Enquirer: 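The following block contains the structure, expressed as structure tokens.
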Amino acid sequence: MVYKGTILKYSQFLSVNNQTPIISISEGRTPLVPAPYIAKQTGVQGLSVYLKMEGLNPTGSFKDRGMTMAVSKAVEKGATKIICASTGNTSASAAAYAARARALGYEMECYVLIPAGYVALGKLSQAMIYGAKVIQVEGNFDEALNIVRSLSEKYPIELVNSVNPYRIEGQKTSAYEICDELQSSPDYICIPVGNAGNITAYWAGFTDYVRNPTARPKMYGFQAAGAAPIVEGRIIEKPETIGTAIRIGNPASWKQAQKARDESGGLIDSVTDEEMLEAYRMIHQMEGMHCEPASAASVAGLIKVARQGKIQHESTIVCILTGNGLKDPQTAINQSDMVAAEKTYKADEDAIAKVLNLTAVKS
Ligand code: F0G
């Protein structure tokens, strides 16, 4: 049977019924890929580390899982406009699901507010080509979120940020997929934390799906050191990090993230930009996998806490790679060993052999 997305697959866990119009782009069913090199780098014996490739969702991030629910429910209640603030991925996803609603004959416009100058170009281009009205704001994500929250209270426009409960509900499906595929629950989830909706959703998902509370994973969340309000216990007025996706100083789901941490016996820690970039290079160069810089916080965090003795040997760990590496080609180029585009060579075989340091085999 043709796969038709997360809502139909897991409808018994979601607030949908036969009347709910399902706005889907066949999101979900993302690969869980073993990461043996990263497992070794932890220095802990016998770990099974997997990367959940959420960047392989239709718009290249985990946001699609929540957006299929939020837009379906918006259409169900008759909304014709949606709005969000975003560091990039939410806006791309909202724009795509609005387009999908139009494909099914519903009137639907999408408005997105993004912090000017701090959104990776791939994400901005997505929101634009999917047909959203993109407003660049001279301010950060937190300021943009305050504006869209207020607008959605005053005007007939549906908010599709993760303060919309259907977003969190939809994002639980990744936890279900992990349990289905491993045929048990992992011991730890390592996950980047920005606005803190995703860690909240995963914990809710494991709580639904794993009956025995002691079998549920510990939630290990990681913020960027320059944008770590939960770790520092204070709002960060001017968050800064290379992981622009998680450049957030006042997360909307702050309390829920703490609850996920405490109920699961987990932790929320921070990783520096250097640690994030080291993990980002490792994921690409030593595993052949890809993700965007903010996603690498999960792997950087795993390595950090494993070396501090906070991971039991012989355990199973899933690191969530939340977004697609192709969204941010500039960081990829900057982090590569070769600045390929900077130099060109003559189309001459001998010259190229010399550049490549190749020596002829004696016959
Ligand atoms: N990873 C990526 C790639 C993200 O885009 C985000 C959030 C996160 C991690 C953090 O998830 O906010 O649920 O804790 N991006 C939002 C956006 C803020 O607007 O695209 P979170």
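Quick note: numbers below take in every heavy atom, side chains included, and nothing from hydrogens, waters or symmetry partners. In listed order, ligands and their atoms are each counted from 1. Worth saying up front: this structure is predicted, and the values here are computed from it rather than measured.
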Enquirer: Please work out, at 4.0 Å between heavy atoms, whether the side chain, the backbone, both, or neither of Ile246 comes within that distance of ligand 1.
Expert: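 Within the 4.0 Å criterion, Ile246 contacts ligand 1 through side-chain atoms alone.
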
Enquirer: With only distance considered, is Gln171 within less than 3.5 Å of ligand 1 through an N or O on each side?
Expert: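 No; every N/O pair is 3.5 Å or more apart.
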
Enquirer: Which residue holds the protein heavy atom closest to atom 2 (C) of ligand 1, what is that atom called, and what is the gap in Å?
Expert: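 Residue, atom and distance for the closest contact: Thr322 OG1, 3.3 Å.
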
Enquirer: Considering Thr90, Leu113, Ile191 one by one, which has a heavy atom nearer to atom 17 (C) of ligand 1 than any of the others?
Expert: Thr90

Enquirer: What is the closest protein heavy atom to atom 13 (O) of ligand 1, and at what distance does it sit?
Expert: Asn198 N, 2.8 Å

Enquirer: Would one find an N or O of Gly194, backbone or side chain, under 3.5 Å from an N or O of ligand 1?
Expert: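 N/O-N/O distance below 3.5 Å exists for this pair.
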
Enquirer: For atom 4 (C) of ligand 1, what's the nearest protein heavy atom and its distance?
Expert: Ala245 CB, 3.5 Å

Enquirer: Below a 4.0 angstrom heavy-atom separation, can you tell me which part of Ala196, side chain or backbone, both or neither, approaches ligand 1?
Expert: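 The answer is the backbone of Ala196.
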
Enquirer: Name each donor-acceptor pair under 3.5 Å that joins a side chain in residues 30-43 to protein atoms two or more places apart or in another chain, with its distance.
Expert:
| residue | atom | partner | partner atom | Å |
| --- | --- | --- | --- | --- |
| Thr30 | OG1 | Lys52 | NZ | 3.0 |
| Thr30 | OG1 | Glu54 | OE2 | 2.6 |
| Thr30 | OG1 | Arg65 | NH2 | 3.3 |
| Tyr37 | OH | Gln41 | NE2 | 3.4 |
| Thr42 | OG1 | Ala39 | O | 2.5 |
| Thr42 | OG1 | Val44 | N | 3.2 |

Enquirer: Determine the sole option in Leu14, Ile23, Val16 for which the side chain to side chain contact (heavy atoms under 4.5 Å, CB included) test with Ser72 is passed.
Expert: Ile23

Enquirer: Tell me whether Phe62 has any N or O atom under 3.5 angstrom from an N or O of ligand 1.
Expert: no

Enquirer: Is the distance between the ring centroids of Phe141 and Tyr118 under 6.0 Å?
Expert: no

Enquirer: Counting both backbone and side chain atoms, is some N or O of Ser295 under 3.5 Å from an N or O of ligand 1?
Expert: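 By distance alone, the answer is no.
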
Enquirer: What residue and heavy atom of the protein are closest to atom 12 (O) of ligand 1, and at what distance?
Expert: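 Answer for atom 12 (O) of ligand 1: Asn195 N, 2.7 Å.
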
Enquirer: Between Gln171 and Ser174, do the side chains contain a donor N or O and an acceptor N or O under 3.5 Å apart?
Expert: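 No, no side-chain donor-acceptor contact under 3.5 Å.
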
Enquirer: Could you tell me whether Lys172 and Asp208 make a salt bridge, using a distance below 4.0 angstrom between a side-chain N and a carboxylate O?
Expert: yes

Enquirer: Hey, does the Lys NZ or Arg CZ of Lys133 hover above the aromatic six-ring of Tyr111, less than 6.0 Å from the centre and inside 45° of the axis?
Expert: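 Ring-cation test returns no.
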
Enquirer: Identify, with sequence neighbours excluded, every residue that meets side chain to side chain donor-acceptor pair (under 3.5 Å) alongside Lys81.
Expert: none

Enquirer: Please say whether Lys63 places an N or O atom under 3.5 Å from an N or O atom belonging to ligand 1.
Expert: yes

Enquirer: Can you say whether the rings of Tyr176 and Tyr209 are parallel (under 30°), tilted (30 to 60°) or perpendicular (over 60°)?
Expert: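 Correct class here is parallel.
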
Enquirer: Among all protein non-hydrogen atoms, which one is nearest to atom 5 (O) of ligand 1, and what is the separation to 0.1 Å?
Expert: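 For atom 5 (O) of ligand 1, the nearest protein heavy atom is Asn89 ND2, 2.8 Å.
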
Enquirer: At under 4.0 Å between heavy atoms, which part of Ile199 makes contact with ligand 1: side chain, backbone, both or neither?
Expert: neither

Enquirer: Determine the interplanar angle of the Phe222 and Tyr220 rings, folded into 0 to 90°, and report it as parallel if under 30°, tilted if 30 to 60°, perpendicular if over 60°.
Expert: perpendicular

